[in-house]
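Order of appearance sets the numbers: ligands from 1, and atoms from 1 within every ligand.
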Amino acid sequence: MNAATAPLVGILMGSDSDWEVMKEAGKVLRDFGIPFEMTVTSAHRTPERTHDYATSAARRGIRILIVGAGAAAHLAGVVASITDLPVIGVPLSATELQGMDALLATVQMPGGIPVATMAIGKAGAKNGALFAVRILAGNDPELAENYRNYKNKMAAEVTAKHEALQNRLREL
Ligand code: RP5
């Protein structure tokens, strides 16, 4: 892989059962043209693989990690304890507790090891990628402009919804 396509963001998930949610992060990075990789690794089931990934990521050029996991979701915290890269945690719904377990396990990090925790589920995966875009845009003016355009488009969609609502009101 050459430098132009070497991944800048690593998306990690605890199981392939997390794919349907975590692909939302991949879609955002794809749309912004940010090269990324996706990896399945588990804090509990494959601790050595997780350790190897976390120790090698920065050396391979990765700048940010987005880490999704469900249940007793220790993956983001464990990875953040090993690497110095910014780690964005995405709690996932995988048990009867519907993501509350993963949210608390991801967000309640002890002082000293930060994990930037997003919302549970698809919104969290999407926002995790947008948070990565914001970080990378700090020293990439073209990406910053693309992100500004993204926000403007979102705002225009809300305005259009408001105008459509006014039409419906007139028909009441
Ligand atoms: C977590 O356990 C994974 O991130 C996943 O959300 C959950 C269930 O994994 P599977 O039993 O579906 O492999 O580690």
Side-chain angles (χ1 to χ4, degrees), residues 1 5-138 143 147 150-151 154:
M1 190 172 281
T5 56
L8 293 177
V9 177
I11 300 176
L12 278 67
M13 59 198 94
S15 172
D16 61 349
S17 59
D18 299 328
W19 157 255
E20 280 302 322
V21 175
M22 293 309 293
K23 73 180 182 188
E24 299 301 319
K27 284 188 206 167
V28 170
L29 297 176
R30 177 202 64 199
D31 290 349
F32 278 94
I34 296 171
F36 66 96
E37 63 183 20
M38 284 184 135
T39 304
V40 174
T41 190
S42 165
H44 307 119
R45 292 166 174 161
T46 61
E48 286 174 12
R49 177 173 161 74
T50 298
H51 188 274
D52 289 349
Y53 185 93
T55 51
S56 68
R59 200 186 322 131
R60 293 188 298 103
I62 300 281
R63 302 261 308 277
I64 301 164
L65 295 169
I66 302 171
V67 183
H74 297 132
L75 185 59
V78 165
V79 167
S81 76
I82 298 167
T83 182
D84 295 338
L85 293 172
V87 173
I88 300 167
V90 183
L92 304 177
S93 175
T95 74
E96 282 75 3
L97 297 181
Q98 298 180 330
M100 280 304 292
D101 42 2
L103 172 64
L104 296 178
T106 306
V107 78
Q108 284 299 114
M109 288 296 293
I113 304 295
V115 169
T117 304
M118 302 290 119
I120 298 168
K122 286 188 177 181
K126 181 176 181 178
N127 282 344
L130 290 170
F131 197 66
V133 169
R134 286 186 179 211
I135 295 171
L136 293 170
L143 185 57
Y147 183 68
Y150 171 88
K151 285 185 78 179
M154 202 163 44

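Contact annotation: the side chain of D31 never approaches that of Y150 to less than 4.5 Å [non-hydrogen atoms, C-beta and beyond]. For the pair Y147/L130, a side-chain contact is recorded, criterion being any heavy-atom separation below 4.5 Å from C-beta on.
Here the shortest heavy-atom distance to atom 14 (O) of ligand 1, taken over S17, A71, A43, G70, belongs to G70.
By the 30° and 60° cut-offs, the orientation of the rings of H44 relative to H74 is perpendicular.
Between the CD1 atom of I135 and the CG atom of L85 there is a distance of 10.0 Å, given to the nearest 0.5 Å. Atom CG of L29 is separated from atom CD of E24 by 11.5 Å, given to the nearest 0.5 angstrom.
On a distance-only criterion, S15 and ligand 1 share at least one N/O pair closer than 3.5 Å.
Remark: the backbone N or O of V79 is not paired with any side-chain donor or acceptor of T83 at under 3.5 angstrom.
The ligand atoms of ligand 1 that sit less than 4.0 angstrom from a heavy atom of G14 are 3 (C), 4 (O). The distance from ligand 1 to the heavy atoms of A69 drops below 4.0 Å at these ligand atoms: 4 (O). When each atom of ligand 1 is checked for a heavy atom of R45 under 4.0 Å away, the hits are 9 (O), 10 (P), 11 (O), 13 (O). If you number the atoms of ligand 1 from 1 as listed, the ones under 4.0 Å from a heavy atom of A94 come out as 6 (O), 7 (C).
Residue contact annotation: D18 has a non-hydrogen atom under 4.0 Å from ligand 1. A heavy-atom separation below 4.0 Å is not found between H44 and ligand 1.
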Exercise for review: Please assess V9 against L136 for the test side-chain contact (heavy atoms from CB on, under 4.5 Å), listing each intermediate value before the final yes or no.
Suggested key: CA-CA 10 Å; V9 177; L136 293 170; 4.0 Å; yes
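Under 4.0 Å from ligand 1, not a single heavy atom of M13 appears.
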